[in-house]
Amino acid sequence: MQPIVPKAHLEDYITTIYGPPKVGKTTLAFNLGKEHFGSTQETLILGFEDGFKALTGAMAVSIKDWSHFLELSEELIDEKEDMPYKLLVLDTADGMSSMASKYVVRRESKADQKRYRTIKDIPWGRGGEALRVEIQEAIERLAKFYGILIITHGKEKKIEPKVGASYDTTTLSLDGKVLDVVKNISDFIVYLSPEREKGKNKEVKRFMYFRDESMFEAGSRFDKIKAKVPYGAKNFLDTVKDAVENANKGIGSDNETEEVEESALPTTASDTQDQQDDSDASEVEVKDVKTLRAELQASVKGLTADQKKSLRSFMVEEIGSSKFAEIDQISELESIQSFIDEL
């Protein structure tokens, strides 16, 4: 068994960026994709609010309601092999929560045959829990196939510690269980802060906080990450890369460390061909769940309508689901591939 070696791939993580209005949250998200992948084509902004309209060249979809988002999510998953995207920007989590709340209220009203107006109207706390599940499952489903970058606003909050004086801090603007979801699933929580310099000109500069400060809530799964760096996509990516490399020190051989460093760079067409050649030369090919799903999706495209119907029946009867995204067992995915091969 080999040790886990984290990589500095933006698309491998769930990142949350928050801060005050007009500080450049959506712009940073857009520029992160552009800087990391080398173009604007690999990043798709899902606009629960319309903060993307001033971004020239951005790939974006304006989300109408939660049902529209669920339909689009299914398309992004089912057609992953035909999609150019590697990173999805959820802009914003506040708008996402609002749409999901309305959806849950309508669904629970219909189920209970009552007219609820808000999540809090749903008895026994079922509303808050239903909203948590709805949002968490939606994000985690997409995160199996894409990198996720969540944008939200900031709000002031008073902290009352058991020992010592109370103090004010800035945290994510989300509430209740939705706040818990975003905080728990995020690999990075980054606060964007506009700060006025001292002196005559009093110029305002922007900074990014990657670690928890008394004034701001921030954090990462990498304990050696820098606390504060100047605003900008390159600085952001360099900070993540440094944190990952520090975490990997001492793991495996020097060759393995070099591979981690190289993985932080965007992949070129020649790199992809080299990797393919190396893969073909290997005696044993180890495949993960994502790879198997992608191969299955490619196989399904060549089936006839009758064959697809037979496949769907097989999956429901033998595995309990007709959606690749809901299947996490390699053995089950391999059995599906075997069934397709025999059609």
Side-chain angles (χ1 to χ4, degrees), residues 10-15 26 29-30 33 37 39-53 55 57-93 95-104 106-107 131 133-151 181 185 288-305 307-309 311-316 319-328 332-333 336-337 340:
L10 183 64
E11 62 270 30
D12 285 345
Y13 299 102
I14 298 178
T15 302
T26 306
F30 170 69
F37 299 117
S39 79
T40 63
Q41 304 299 308
E42 289 86 354
T43 302
L44 177 65
I45 301 174
L46 304 181
F48 296 90
E49 298 178 13
D50 290 339
F52 59 81
K53 290 188 174 179
L55 297 174
M59 307 296 290
V61 177
S62 183
I63 304 300
K64 300 173 185 176
D65 53 34
W66 192 250
S67 294
H68 178 211
F69 170 67
L70 294 178
E71 291 171 4
L72 180 59
S73 295
E74 287 298 312
E75 182 180 349
L76 286 167
I77 292 170
D78 291 343
E79 302 298 327
K80 177 65 173 70
E81 284 303 293
D82 295 329
M83 296 291 179
Y85 315 118
K86 297 178 182 177
L87 179 69
L88 303 180
V89 179
L90 308 179
D91 186 13
T92 64
M96 185 179 190
S97 177
S98 177
M99 289 184 186
S101 294
K102 293 175 183 177
Y103 177 87
V104 169
R106 285 195 301 270
R107 186 185 66 197
L131 179 60
V133 171
E134 190 69 29
I135 289 180
Q136 183 167 336
E137 287 186 350
I139 295 175
E140 289 181 341
R141 197 159 51 237
L142 287 171
K144 292 178 180 178
F145 298 89
Y146 299 90
I148 302 294
L149 206 160
I150 302 169
I151 295 174
V181 167
I185 68 175
D288 58 13
V289 171
K290 280 188 179 180
T291 302
L292 288 169
R293 285 200 190 110
E295 290 179 353
L296 285 172
Q297 288 168 348
S299 298
V300 168
K301 289 180 181 179
L303 299 181
T304 65
Q307 288 174 327
K308 289 179 180 178
K309 186 176 179 180
L311 174 61
R312 190 176 296 109
S313 297
F314 169 80
M315 290 174 64
V316 172
I319 298 172
S321 174
S322 63
K323 295 182 181 296
F324 297 145
E326 296 176 354
I327 303 172
D328 294 319
E332 292 179 344
L333 292 169
I336 295 171
Q337 185 63 66
I340 293 174

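Predicted, not measured: the structure shown is a model, and the values here were computed from it.
Residues Ile139 and Met96 share a closest heavy-atom pair of CG1-CE, 3.7 Å. When all heavy atoms of Ile148 and Leu87 are compared, the pair lying nearest together is N-CD1, 4.0 Å. Closest non-hydrogen pair, Trp66 versus Ala138, comes out as CZ2-CB, 3.9 Å. Summarising the geometry of Ile327 relative to Glu332, their closest heavy-atom pair is CG2-OE1, 3.4 Å, with the distance given to 0.1 Å. Contact record, Glu49 with Thr92: OE2-OG1, 2.8 Å, taken as the closest heavy-atom pair.
Here the straight-line distance linking atom NZ of Lys102 with atom CZ of Arg106 works out to 8.0 Å at 0.5 Å rounding. Here the CG-CD1 distance, from Asp50 to Ile45, works out to 11.0 Å after rounding to the nearest 0.5 Å. Between the CD atom of Glu137 and the OG atom of Ser73 there is a distance of 12.5 Å, given to the nearest 0.5 Å. Note that the NE2 atom of His68 and the CG atom of Leu46 stand 9.0 Å from one another [nearest 0.5 Å]. Taken from NZ in Lys86 to CG in Leu10, the straight-line distance is 11.0 Å, to the nearest 0.5 Å. Here the straight-line distance linking atom OH of Tyr13 with atom CD1 of Ile185 works out to 15.5 Å at 0.5 Å rounding.
Between Val181 and Glu140 there is no side-chain heavy-atom pair separated by less than 4.5 Å. Contact check for Lys144 versus Ile77: no side-chain heavy atoms found under the 4.5 Å cut-off. For the pair Glu42/Glu11, no side-chain contact is recorded, criterion being any heavy-atom separation below 4.5 Å from C-beta on. At least one side-chain heavy atom of Phe52 sits under 4.5 Å from a side-chain heavy atom of Ser62. Side-chain contact between Met83 and Tyr146: present, with at least one pair of heavy atoms (C-beta onward) separated by less than 4.5 Å. Inter-residue side-chain proximity for Tyr85 and Met59 is flagged as met; some heavy-atom pair is nearer than 4.5 Å. For the pair Lys64 and Leu72, the minimum side-chain heavy-atom distance is 4.5 Å or more. No side-chain heavy atom of Arg293 sits under 4.5 Å from any side-chain heavy atom of Lys80.
Judged by distance alone, the side chain of Glu81 and the main-chain N or O of Leu296 form no donor-acceptor pair under 3.5 Å. Side chain of Ser97 to main chain of Ala93: no donor-acceptor pair is present (N/O by atom type, distance under 3.5 Å, no hydrogens or angles).
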**Request:** For Phe69 and Met99, run side-chain contact (heavy atoms from CB on, under 4.5 Å): C-alpha distance rounded to whole Å, both residues' side-chain angles, the deciding distance at 0.1 Å, then the answer.
**Result:** CA-CA 9 Å; Phe69 170 67; Met99 289 184 186; 5.9 Å; no
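Of the candidates Val89, Leu149, Thr40, Thr43, Phe30 forms a side chain to side chain contact (heavy atoms under 4.5 Å, CB included) with just one, namely Thr40.
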